[in-house]
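For reference, the structure discussed in these notes is given below.
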Amino acid sequence: MERWRGLKDLVQDAVDNGSRAVERLQKHAAKLPFDLLEQIPPISAPVRGIRVVHDTMVSGVHVAIRLVNRVAGYTIDGVLFVVEQQKEPAGTSCTGGAGAQAAGSVSVPTRCRGCWGTSRCRGRV
């Protein structure tokens, strides 16, 4: 499962960084035409407004791409967690540090390997 998580992280980082790079390139490619058009007095004001709209739309598209990428990553994490839970024997899943197992009259907290019941819990005891 760790290899799948690593692959997911790698693809997610590539999409995020690729989106940021393309966003920068798209804005940079449009900069020269906008700069030239803004030097023509009768159309300089509308061109400034169009540039703002262009840059806002480019940024909005790339924010949406990165948001969908993040949601897809969370979804894949959830699927991998469920698959991992199905492979483990009953009674060995972690409570994420929130619960405790009774050992006679003493409560013993359940802790995971590696995460020790923190928010990074992946459910392995």
Side-chain angles (χ1 to χ4, degrees):
M1 277 307 134
E2 290 305 311
R3 294 182 86 179
W4 285 110
R5 281 192 182 87
L7 177 62
K8 186 266 316 174
D9 290 343
L10 184 65
V11 170
Q12 198 170 6
D13 288 346
V15 170
D16 191 63
N17 292 328
S19 172
R20 289 182 195 285
V22 170
E23 179 181 2
R24 276 192 310 272
L25 289 172
Q26 287 174 335
K27 287 182 179 180
H28 181 72
K31 184 180 182 324
L32 179 61
F34 282 128
D35 287 346
L36 292 173
L37 289 171
E38 284 179 5
Q39 292 178 5
I40 303 170
I43 63 169
S44 66
V47 169
R48 280 192 298 271
I50 292 168
R51 178 191 292 226
V52 169
V53 169
H54 171 270
D55 290 350
T56 302
M57 290 182 70
V58 167
S59 293
V61 166
H62 288 282
V63 164
I65 289 169
R66 292 188 293 269
L67 178 64
V68 168
N69 183 44
R70 193 172 310 129
V71 169
Y74 292 145
T75 302
I76 292 169
D77 280 337
V79 169
L80 292 174
F81 177 77
V82 169
V83 169
E84 193 172 53
Q85 290 301 306
Q86 290 176 350
K87 287 184 175 184
E88 291 193 18
T92 61
S93 63
C94 176
T95 61
Q101 294 176 340
S105 61
V106 178
S107 290
V108 179
T110 303
R111 289 186 238 160
C112 293
R113 283 182 275 133
C115 68
W116 296 93
T118 65
S119 62
R120 294 180 51 116
C121 177
R122 290 200 172 135
R124 300 173 309 230
V125 175

Check your understanding: If every non-hydrogen atom of Asn69 is compared with every non-hydrogen atom of Gln12, which pair is closest and at what distance?
Key -> ND2-O, 2.9 Å
Exercise for review: Give the C-alpha distance, both sets of side-chain angles, the deciding distance and a yes or no for salt bridge (charged side-chain N to carboxylate O under 4.0 Å, His left out) between Arg20 and Glu23.
Suggested key: CA-CA 5 Å; Arg20 289 182 195 285; Glu23 179 181 2; 5.6 Å; no
Check your understanding: CG of Leu80 to CZ of Arg3: how many Å apart, nearest 0.5 Å?
Key -> 14.0 Å
**Study point:** Nearest non-hydrogen partners of Pro33 and Ala29, listed with the distance
**Key:** CD-O, 3.4 Å
Check your understanding: Under a 4.5 Å side-chain heavy-atom rule over Ile, Leu, Val, Met, Phe, Trp and Tyr, are Val83 and Trp4 clustered together?
Key -> yes
Just list the side-chain donor-acceptor pairs under 3.5 Å for residues 37-53, sequence neighbours left out, or say none.
residue, atom, partner, partner atom, Å
Glu38, OE2, Arg51, NE, 3.2
Ser44, OG, Pro41, O, 3.4
Arg51, NH1, Asp35, OD1, 3.4
Arg51, NH2, Asp35, OD1, 2.4

Exercise for review: Mind jotting down which residue pairs meet the ring pair (Phe, Tyr, Trp, His ring centres under 6.0 Å) criterion with at least one end in residues 11-58? Sequence neighbours excluded, please.
Suggested key: Phe34-His54
Review point. What is the distance from atom NZ of Lys8 to atom CG of Asp13, rounded to the nearest 0.5 Å?
Key: 8.5 Å
Practice item. Output the rest of the hydrophobic cluster of Leu32: all Ile, Leu, Val, Met, Phe, Trp and Tyr residues reachable through side-chain heavy-atom contacts under 4.5 Å, sorted by chain and number. Key: Leu36
Exercise for review: Starting at CG of Asp9, measure out to CG of Asp16 and round the result to the nearest 0.5 Å.
Suggested key: 12.0 Å
Point to revise | Check ion pair Glu84-Lys87 (N to O, under 4.0 angstrom) | key: no
**Study point:** Shared hydrophobic cluster for Val79 and Val82 (ILVMFWY, side-chain gaps under 4.5 Å)
**Key:** no
**Study point:** Short side-chain to backbone donor-acceptor contact, Ser19 and Val15, under 3.5 Å
**Key:** no
**Study point:** Met1, CE atom: more than 12 neighbouring heavy atoms under 6.0 Å
**Key:** yes
Check your understanding: Would you say the side chain of Arg66 lies within less than 4.5 Å of the side chain of His62, judging by non-hydrogen atoms?
Key -> yes
